[in-house]
Amino acid sequence: VYPVLSTTLIATFVVLWNALTGSYVDFRGIKHPGILAYTFLPTLSFPMSPFTLSSASLGLLLVFRTNTGYSRWDEARKNWGSNINRTRDLLRMAVAWYDDKAGGKTLHQ
């Protein structure tokens, strides 16, 4: 249902699990063993080959989605500009067709 939230929760679980069962490096660069490092619990790891093989296609997919989003935004911007220009043209025509003598009133700006 929430793909970003679920991916973040899974990644957080994997990082915390590996910090507890394996080892971690603090901000000073010192490596510390985890609390459960010397137990029977294994660390979680993934093979890198699926990520390496799919990275090019995922990159292209991201580029195409970005280009599609930009083209939609650009089309909307052009439509909004056209709408504003047509509204100005309509107002300009209304002012040109306005007869100042018919009503006896003038427009004051």
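- Proximity of a side-chain donor or acceptor of D26 to a complementary backbone N or O of I30 within less than 3.5 Å is detected.
- A donor-acceptor pair under 3.5 Å is absent between the side-chain atoms of N18 and the main chain of T43, judged by distance alone.
- By the 30° and 60° cut-offs, the orientation of the rings of Y24 relative to H32 is tilted.
- Here the CZ-OG1 distance, from R92 to T87, works out to 11.0 Å after rounding to the nearest 0.5 Å.
- For the residue pair T68 and S71, the shortest heavy atom distance occurs at O-OG, 2.8 Å.
- The pair R86-D89 does not meet the salt-bridge criterion, since no charged nitrogen lies less than 4.0 angstrom from a carboxylate oxygen.
- Hydrophobic cluster membership differs between L16 and Y38, with clusters built from Ile, Leu, Val, Met, Phe, Trp and Tyr side chains linked at under 4.5 angstrom.
- For I84, the CD1 atom is densely surrounded, since the number of other residues' heavy atoms within 6.0 Å is greater than 12.
- Remark: side-chain polar atoms of T7 are not paired, donor with acceptor, to backbone N or O of V4 under 3.5 angstrom.
- Taking every heavy atom of both residues into account, S54 and P50 meet most closely at OG-O, 2.8 Å.
- Judged by distance alone, the side chain of S82 and the main-chain N or O of K78 form no donor-acceptor pair under 3.5 Å.
- Looking at W17, its side chain never comes within 3.5 Å of a backbone N or O of G22 through a donor-acceptor pair.
- Here L60 contributes atom CG and R65 contributes atom CZ; the two are 14.0 Å apart, rounded to the nearest 0.5 Å.
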Derivation of the side-chain contact (heavy atoms from CB on, under 4.5 Å) call for D74 and R77:
CA-CA 5 Å; D74 192 45; R77 182 186 62 84; 2.8 Å; yes
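- Taking CG of L44 as the reference point, atom CD1 of I10 lies at 11.5 Å (rounded to 0.5 Å).
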